[in-house]
Amino acid sequence: MSQKFIPLSVPNLKGRELEYVTHAVETEWVSTGGTYVTEFEQKTAEYVKSKGAVSCQNGTSGIHIALEVCGITGEHEVIVPTLTFIAAVNPVKYVGAEPIFMDCDDSLTIDTDKLLEFCEKKCTFIDGKLINNKTNKHIKAILIVHVFGNMADMEKIMDIADKFNLKVVEDATEAIGTYYSKGKYKGKYAGTIGDVGIYSFNGNKIITTGGGGMIVSDDENLLKQAKHLTTQAKSDTLYYTHDQIGYNYRMTNLQAALGIAQLEQLEQFIATKKENYNLYKKYINSIDGLTILDFRDDIRPNYWFYALYCDEDYSLNRDEIIKYLSSKNVQSRPIWGLISDQKPYLGSQTYKIEKAKNYLKHIINIPCSSNLSKKDVLYVINCLKDSKTL
Ligand SMILES: *Cc1c(COP(=O)(O)O)cnc(C)c1O
């Protein structure tokens, strides 16, 4: 019997999604005005323990707004990681600023040693501003990404940000549910430690609204501005007066109806993903040349994506594994191409990109959906074992 297709990461909509969406349709509140939108904002803020949350159309628009409310403009530069999804960095260009690309460390998140070294050696801190020696421009923010549901080293990042007066934007699009279980930030969720954080509810994320996003912050003023900008910057709703250039970025009630039902199941999804992660790890780490990468040990991750590292001891290389798994009806994919290598960013400044190049060659993501059965996981493991004998 042929194996059914095992996708990489797909939605899991077996909770109250249909009930809430049906209610939205029956009451004819389908656009941005319905009560599910504000309820979803409140529930998300409660879940991650932030002062508030502002919904938006997707993670990308959330990052765009986050940069605007942090005051990033064409006069500024923003430090970003090179090993991530391009949607994390494009918004830097939307606001007219320039990115400076950093390497990753073994957590796949931004290398904080190189980050500090760059700020100290390649910049000058003067009058409360970090100035890039190469361009003479003001570096105003660091945009960090909590890759695959892991947590970037927020203790070090916040220290560096304090030292050089930098805003911190947390792209937590992949990491809703991840929090520190130890240390200075114990109990703090990914997205709630810097100035502003963003979640995504795209179809491949741990919870989904089809497409959608959320901006969180503990700064009420930033939240207020974010709400204003995502809703066309209307200063008077009756007379249509506008005091800024705003956007039509607010989430719809249909999306939010899905989101509330998904949020109700998030802890369950994390529990399943954790079990599957541990199962993969137990068997795969005993195959020569294959390792499932760890998450940081001072956090409770959301286990969104599993990173399989393949080295030369394995019978197949990265691309051969992907092809082979595909022939077995298992979807996998390489980690993202480095953003500093993408056409629009070829002229951008980079700083000592080394580890990211290596990880690019060796990392594959394997199926991790929250509805993946134990049997499916064992099937993928067996495929990887078998390929040794090809
Ligand atoms: C998914 C993702 C985004 C963008 O989120 P969308 O909701 O798809 O716009 C941004 N950054 C990273 C790291 C992502 O994985």
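These numbers come from a predicted model, not from an experiment. Order of listing sets the numbers, starting from 1, for every ligand and every atom in it.
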Item to check | Region of T60 engaging ligand 1 - heavy atom pairs below 4.0 Å | outcome: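 The answer is both.
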
Can you classify the ring geometry of [X] versus [Y] as parallel (below 30°), tilted (30 to 60°) or perpendicular (above 60°)?
X    : Y    : result
H64  : Y94  : perpendicular
Y309 : H362 : parallel
Y280 : Y306 : perpendicular
Y240 : H242 : tilted
Y36  : Y20  : tilted

Next on the checklist: For atom 6 (P) of ligand 1, which of the options G149, G62, G59 provides the nearest non-hydrogen atom?
Outcome noted: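 When every heavy atom of G149, G62, G59 is considered, G59 comes closest to atom 6 (P) of ligand 1.
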
Checklist entry - For T173 and ligand 1, does the shortest N/O to N/O distance drop below 3.5 Å? => result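 Yes, there is a polar N/O contact under 3.5 Å.
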
Checklist entry - Looking only at distance, does D171 have an N or O less than 3.5 Å from an N or O of ligand 1? => result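 Looking only at distances, the answer is yes, because the N/O contact criterion of under 3.5 Å is met.
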
Item to check | For atom 5 (O) of ligand 1, closest protein heavy-atom neighbour | outcome: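 For atom 5 (O) of ligand 1, the nearest protein heavy atom is S200 OG, 3.4 Å.
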
Checklist entry - Among protein heavy atoms, which sits nearest to atom 15 (O) of ligand 1, and what does the distance come to when rounded to 0.1 Å? => result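 Looking only at protein heavy atoms, the one closest to atom 15 (O) of ligand 1 is E174 OE2, 2.5 Å.
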
Item to check | Summary of salt bridge (Lys or Arg N to Asp or Glu O under 4.0 Å) pairs that have at least one residue in residues 224-248, sequence neighbours excluded | outcome: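 Passing the test, one end in residues 224-248: no pairs.
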
Which atoms from ligand 1 have a heavy atom of [X] less than 4.0 Å away?
X    : answer
N202 : 7 (O), 8 (O)
A87  : 3 (C), 4 (C), 10 (C)
T84  : 13 (C)

Item to check | Chi angles and distances behind the salt bridge (Lys or Arg N to Asp or Glu O under 4.0 Å) call for K114, D103 | outcome: CA-CA 7 Å; K114 285 182 182 167; D103 203 10; 2.6 Å; yes

Item to check | Heavy-atom gap K205 to ligand 1 smaller than 4.0 Å | outcome: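 K205: in contact with ligand 1 (<4.0 Å).
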
